[in-house]
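What follows is a set of notes on a single structure, which appears directly below.
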Amino acid sequence: MRLNENTLLLGKKVVLVPYTAEHVPRYHEWMRSEELRRLTASEPLTLEQEHSMQRSWREDADKCTFIVLDAEKWQARPSTTEESCMAGDVNLFLTDLGDPSLGEIEVMIAEPSCRRRGFGTEAVLMMMSYGVTKLGLTKFEAKIGQGNEPSIRMFQKLHFEQVAVSSVFQEVTLRLTMNEHEQQWLLEQTSHMEERCYGDGSSESQ
């Protein structure tokens, strides 16, 4: 999505940055994992196809993608590259033409050393806050494989409720509607988040 191509979101544990060509080789390495492809319902792609996918995601108006970086490693720059700080990605899909206020959210913490450290939780909260304040979203859905219990539990802790089960796709759908109370809770959870211009030292408090 062009809207977020110059946006960096800084949290306590993670930093969200636009998906650029620099990130593709590491992302491609991750997606060679059969387990990750199964959990994300992804097909194996060549490196060239992955670069093409990255370019299309940057251009598509219905996809908002951030790469999740380990904030602690990122703070050590310039001695570390962004690629070496990568932990996963978080996405919003705005694909329901009948309801532009609905975003489907998904998160992947692909780097094994970054799992079970709260990275996914903070990344989802930050992405939801961005979706509410910048994209005008008021409803979020998450579609998760039935066997992915840690991810289901994480979304339930973030106030998502299960609304459907598909035996065909073997996935559950969870939903959160942002009423005034939920929106206040979300903004409190992300009050520490800073928005910066990607590639720039300036910052703007959220």
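Reckoned from all heavy atoms, side chains included, excluding hydrogens, waters and symmetry mates.
A salt bridge (charged side-chain N to carboxylate O under 4.0 Å, His left out) check over residues 81-108, counting only residues at least two apart or in different chains, returns the pairs Asp99-Lys139.
In this structure, the ring-ring contact (aromatic ring centres under 6.0 Å, His included) partners of Tyr19, at least two apart in sequence or on a different chain, are Tyr27. Under the rule for a side-chain contact (heavy atoms from CB on, under 4.5 Å), the partners of Leu36 that lie at least two apart in sequence or sit in another chain are Trp30, Ser33, Met108, Ala110, Arg115. In this structure, Glu22 has no side chain to side chain donor-acceptor pair (under 3.5 Å) partners at least two apart in sequence or on a different chain.
Side-chain contact between Thr138 and Val132 is absent, with no heavy-atom pair separated by less than 4.5 Å. Side-chain contact between Asn4 and Tyr130 is present, with at least one heavy-atom pair separated by less than 4.5 Å. Looking only at side-chain heavy atoms (C-beta outward), Val90 and Phe119 stay at 4.5 Å or farther from each other. Looking at Thr20 and Arg58, their side chains never come closer than 4.5 Å, going by heavy atoms from C-beta outward.
The heavy-atom pair separating Gln146 from Glu149 by the smallest distance is O-CG, 4.3 Å. Minimum heavy-atom separation, Ser129 to Leu187: OG-CD2, 3.9 Å. Here the closest heavy-atom approach between residue Asp60 and residue Lys63 is recorded as OD2-NZ, 3.0 Å. The two residues Arg2 and Glu5 come nearest to each other via the heavy atoms NH1-OE1, 2.6 Å. Smallest separation of non-hydrogen atoms from Thr80 and Cys85: OG1-SG, 3.8 Å.
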Do any side-chain atoms of residues 150-161 form donor-acceptor pairs under 3.5 angstrom with protein atoms, and if so which ones, sequence neighbours left out?
from   : atom 1 : to     : atom 2 : distance (Å)
His159 : ND1    : Glu182 : OE1    : 2.8
His159 : ND1    : Glu182 : OE2    : 3.4

Check: residues 64-71 side-chain donor-acceptor pairs under 3.5 Å, at least two apart:
from  : atom 1 : to    : atom 2 : distance (Å)
Thr65 : OG1    : Asn91 : OD1    : 2.9
Asp70 : OD1    : Glu72 : N      : 3.0
Asp70 : OD1    : Lys73 : N      : 3.3

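We find the CZ-CD1 distance between Phe93 and Ile105 to be 10.0 Å, quoted to the nearest 0.5 Å. One finds the NZ atom of Lys12 at 11.5 Å from the CE atom of Met126 (value rounded to the nearest 0.5 Å). Taken from SG in Cys114 to CZ in Arg117, the straight-line distance is 5.5 Å, to the nearest 0.5 Å. For the atom pair OG (Ser101) and CG (Leu94), the distance works out to 10.5 Å, reported to the nearest 0.5 Å. Put simply, CD1 on Ile144 and CD on Gln162 are 9.5 Å apart, with the number rounded to the nearest 0.5 Å. The CD atom of Glu195 sits 7.5 Å away from atom OG1 of Thr133, with the distance rounded to the nearest 0.5 Å.
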Could you check Met128 against Val124 for side-chain contact (heavy atoms from CB on, under 4.5 Å), going step by step and ending with a plain yes or no? CA-CA 6 Å; Met128 285 168 55; Val124 168; 3.6 Å; yes
Could you walk me through whether Val107 and Thr121 pass the side-chain contact (heavy atoms from CB on, under 4.5 Å) check? CA-CA 9 Å; Val107 64; Thr121 297; over 6 Å; no
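Checked by atom type and distance alone, the side chain of Glu122 pairs as donor or acceptor with a backbone atom of Lys13 at under 3.5 Å. No donor-acceptor pair under 3.5 Å is formed between the side chain of His51 and the backbone N or O of Glu48. With Arg37 contributing its side chain and Met31 its backbone, the two residues share a donor-acceptor pair below 3.5 Å. The closest donor-acceptor contact from the side chain of Arg116 to the backbone of Pro112 lies at 3.5 Å or more, if one exists at all. Within the 3.5 Å criterion, the main-chain N or O of Glu188 finds a donor-acceptor partner in the side chain of Ser191. The backbone N or O of Thr81 sits less than 3.5 Å from a side-chain atom of Ser84, completing a donor-acceptor pair.
Residue-environment remark: CD (Gln170) stays at or below the threshold of 12 foreign heavy atoms within 6.0 Å.
Using a 4.5 Å cut-off between side-chain heavy atoms of Ile, Leu, Val, Met, Phe, Trp and Tyr, with links allowed through other members, Trp185 and Met193 fall into the same hydrophobic cluster. Trp57 and Val24 fall into different hydrophobic clusters, defined by Ile, Leu, Val, Met, Phe, Trp and Tyr side-chain heavy atoms under 4.5 Å apart, directly or through other members. Both Leu176 and Val165 sit in one connected hydrophobic cluster of ILVMFWY residues. Membership requires side-chain heavy atoms under 4.5 Å apart, directly or through other members. Residues Val163 and Met178 are members of separate hydrophobic clusters, defined by side-chain heavy-atom contacts under 4.5 angstrom among Ile, Leu, Val, Met, Phe, Trp and Tyr. Hydrophobic clustering (side-chain heavy atoms under 4.5 Å, transitive across Ile, Leu, Val, Met, Phe, Trp, Tyr) groups Met127 together with Leu135.
Taking the charged nitrogens against the carboxylate oxygens, Arg32 and Glu29 do have a contact shorter than 4.0 Å, which makes a salt bridge. Electrostatic pairing of Arg196 and Glu194 counts as a salt bridge here, judged by a charged N lying under 4.0 Å from a carboxylate O. Between Glu141 and Arg175 there is a salt bridge, with a side-chain nitrogen of the basic residue lying less than 4.0 Å from a carboxylate oxygen of the acidic one.
When the options Val14, Thr190, Leu16 are evaluated for a side-chain contact (heavy atoms from CB on, under 4.5 Å) with Leu9, the one that passes is Leu16.
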